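Notes to accompany the following structure.
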There are 4 protein chains.
Amino acid sequence: MRTKEGNKEQDILEAAIKIFAESGYHNAKIHKIAELAGVATGSVYVYYENKEMILLTIFAKLWDKLFLELKEIAESKDIDAVEKFDMMIDLLFDTFIQDPALAIVFVNEQNYLLQKSPEKFTLYYEKFLDLGEAIVNEGISNGVFNTKIDVKMIRSFIFGGMRLLLHQWANNPDSVSLHHIRQNVKYFCKKGLLN
Amino acid sequence: MRTKEGNKEQDILEAAIKIFAESGYHNAKIHKIAELAGVATGSVYVYYENKEMILLTIFAKLWDKLFLELKEIAESKDIDAVEKFDMMIDLLFDTFIQDPALAIVFVNEQNYLLQKSPEKFTLYYEKFLDLGEAIVNEGISNGVFNTKIDVKMIRSFIFGGMRLLLHQWANNPDSVSLHHIRQNVKYFCKKGLLN
Amino acid sequence: MRTKEGNKEQDILEAAIKIFAESGYHNAKIHKIAELAGVATGSVYVYYENKEMILLTIFAKLWDKLFLELKEIAESKDIDAVEKFDMMIDLLFDTFIQDPALAIVFVNEQNYLLQKSPEKFTLYYEKFLDLGEAIVNEGISNGVFNTKIDVKMIRSFIFGGMRLLLHQWANNPDSVSLHHIRQNVKYFCKKGLLN
Amino acid sequence: MRTKEGNKEQDILEAAIKIFAESGYHNAKIHKIAELAGVATGSVYVYYENKEMILLTIFAKLWDKLFLELKEIAESKDIDAVEKFDMMIDLLFDTFIQDPALAIVFVNEQNYLLQKSPEKFTLYYEKFLDLGEAIVNEGISNGVFNTKIDVKMIRSFIFGGMRLLLHQWANNPDSVSLHHIRQNVKYFCKKGLLN
DNA sequence: GATGAATGAGTGTTCATTCAT
DNA sequence: TATGAATGAACACTCATTCAT
């Protein structure tokens, strides 16, 4: 039989990220993804049920990775809540710094997926946000973060703020230093959160 | 007095906001917009060059309105910077509270437009953000806001955070009180900004 | 507005009959039908929901016409059952003699439709067969047709026999005289039916 | 002894009959046939050149079998023509009673093959019909069947009639007794044929 | 301006067939 | 022989846009 040489499944996913980032999900053509991945058009459908499943897989893998890494941070015993918060911000920035195209797809298409197939999707990302919430709650319990804020709300606020900054950076990586963005976000958020 | 034609132009725009909110820009059908507006499909093209121009017009009007209202706030002599900041937050929330469908379109499609036709679009929205920046800078000059933050960055951060909260609210208006969101945002941001 | 000139709906149907007859329903291409009808591909879908609906419409019109004409025959007071039977045979032959392509489509695709969408289809054709059955029953009541046969069965038998003969004729109209076929069918069936 | 390979060839054929009966030839998927046969998709092509050859093989085997059995009947010295006719009808009914799926394929796809590849196909089935014709001619020579009918025509008529009845039965075997169908067909045909 | 029938380029998806192993 | 991953040509159907009236 003709066997997989290399990893077509992964090649297709990476090609899709690039094409989705360039043209947006709705204007991306399957045959362009196949071309970039170096496979035949039909092969895309050997690995993915349809176009939407490609997008869903991109997000599932992203959120899974983020969740697992944040989990390790959140469960560390010898790190205080403030530092954990810092590390969470770093985790997000570091993830996208390594793959700006992924950052663009993430920023542009997350809402679409959320509206189109919430049932397949919400889980992945709620789990991540829940961990972030836990970190802030830990800080509140320890008396370092103040009690006046609604954590569920602020976690979304911070997430949304970072998303937009990432978007601006991913579309024009040379105009701002990601390090600078990161410092500002940390400073601003911690000032808002600390007692 | 608005002529009959003027009404159609507006009817189409309002219908488009609803349809775009429901289905997303890319899945919205022109004939559905025409139907909802009570005009023939072809009439849409009497008033708008093409589909994208409808979306662009929605955003242009929105940002224009926001800009003009924020300008009035920013230019008031007898209001201090902190209060101006509060009023800016209120302006955004009040605008979208009156038209949740508009809020959804705004949140979901802003990025698309920004990427697709930045030349036609960026102006509108930069002008608004510039005013917001000016308010914060005023606070810094007056010594009430701290100097450690990069205002350009934080204006985007705050904007992105509010956008996501609005999105969650617009999709499920009953789950959270907009008043509650607003209080939290104000509290968190001012704590982050104040000296 | 661009109005229908001529009768595109009918043109498409006639083109479809020809293309279906030539290539069979499954190998017929919509764009070939459009081409033959002298319209754009998309126009086919202005008049017909999809490919299957074209086929269904062909059959619906055919059976409707046959039913109405047979009804007139069946209800005539001054014609005896044997003559009505003759006229029924003539009706079928005359219909297809006028449109051999229709005969081919009818013979080749009736089974497919019957299996694929019986709910939309059976009605039309059952009504025709019921009338044929009534004619034979009338002959039985009058004592001219014999009582040993199951009319429901024989009506299908005769129908199937005629269908195959029509098929052979439609595919090769010059090889046999339809008049000859008709005489034989009438002779054979009446001999089988008469007391 | 059948080799393993021989079994696969047969397994595929039997699976194809079932799948063709269920979905129709054009909607049948090769991979479904392979699955049902318990072989890999590619193996189908080890035994059959292509999809059409599978169908052709089904018919070739069927007509071959029918031909051989009818030949034995036709050549019997001590059976008269009328009885031979009866036996021919029985042969057809008995064949399909044993394999209703085959009956469905036979009825639905015979026309398609006839049109698509007459050169590869007509032979098989003409030979069978010729034998049937010979039986009727024998009856005519012997003076038991009447001379007014065109035998070539009536053989098709009878064949077409039986085909439709078989189709109705195969699709709904419980609604009618095949025995009953058979009696009616024999009675009707012989009455039509006899002097 | 207003209409809506007509257009036709465009694309996601299917699936018979191939072929390296 | 046997496999099943890989292929890519093919096509039904969509829909933004046009334009004759």
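All values below were derived from every heavy atom in this structure, side-chain atoms included, with hydrogens, water molecules and symmetry-related copies excluded. This is a predicted model, so every value here is computed, not measured.
Note: CD (C/Glu49) to C1' (F/dA12) measures 13 Å, nearest angstrom. Here E/dT14 presents its C1' atom at 14 Å from NZ of C/Lys51, a figure rounded to the nearest Å. Nucleotide E/dG10 holds its C1' atom 13 Å from the NZ atom of A/Lys32, rounded to whole Å. Rounded to whole Å, atom P of E/dT13 lies 4 Å from atom OH of A/Tyr45. Here the P atom of nucleotide F/dT17 and the NE2 atom of B/His31 are 14 Å apart, to the nearest Å. In this entry the distance linking NZ of D/Lys8 with P of F/dT1 reads 10 Å, nearest Å. Residue A/Ile33 contributes atom CD1, which lies 8 Å from atom P of E/dG12 at whole-angstrom precision. Rounded to an integer number of Å, the gap from D/Asn27 CG to F/dC11 P is 15 Å.
Base pairing of E/dA9 is made with F/dT14, judged by Watson-Crick or G-U wobble geometry with both donor-acceptor distances under 3.5 Å. The partner of E/dA20 is F/dT3, judged by Watson-Crick or G-U wobble contacts that both fall below 3.5 Å.
Taking the six-membered ring for Trp and thresholds of 30 and 60 degrees, A/Tyr25 and A/Phe20 have ring planes more than 60 degrees apart, a perpendicular arrangement.
The nearest heavy atom of DNA chain E to D/Asn50 and to C/Gly42 marks one nucleotide each, and the one closer to the 5' end goes with C/Gly42. In this structure, C/His26 and A/Val46 both approach DNA chain F, and ranking their closest nucleotides by distance from the 5' end singles out A/Val46. Nucleotides of DNA chain F nearest to B/Ile30 and D/Gly38 differ in position, and the one nearer the 5' end is that of D/Gly38. Along DNA chain E, the nucleotide closest to C/Val44 and the one closest to D/Thr41 are compared, and the more 5′ of them pairs with C/Val44.
Of the possible polar contacts, none joining the B/Ser117 side chain to the B/Leu113 backbone as a donor-acceptor pair under 3.5 Å is found. Under the 3.5 Å distance criterion, the side-chain polar atoms of D/Lys29 are matched with a main-chain donor or acceptor of D/Asn27.
Of the candidates F/dG8, F/dA16, F/dA12, F/dG8 carries the atom nearest the A/Ala40 side chain, counting heavy atoms from C-beta on.
Within the 4.0 angstrom heavy-atom criterion, only backbone atoms of the sugar-phosphate kind lie near A/Val39; the bases stay farther away. Residue contacts shown for A/Ala34 are absent, as no nucleic acid heavy atom lies under 4.0 Å away.
Taking 4.0 angstrom as the limit, B/Tyr47 places a side-chain polar atom (N or O) nearer than this to OP1 or OP2 of E/dA2. Side-chain nitrogen and oxygen atoms of C/Ser43 include at least one within less than 4.0 Å of the OP1 or OP2 phosphate oxygen of E/dT7.
Separation of the B/Tyr112 and B/His26 ring centroids falls under the 6.0 Å cut-off.
Side-chain contact check for C/Ser43 and C/Lys8: no donor-acceptor pair (N or O, by modelled atom type) lies under 3.5 Å.
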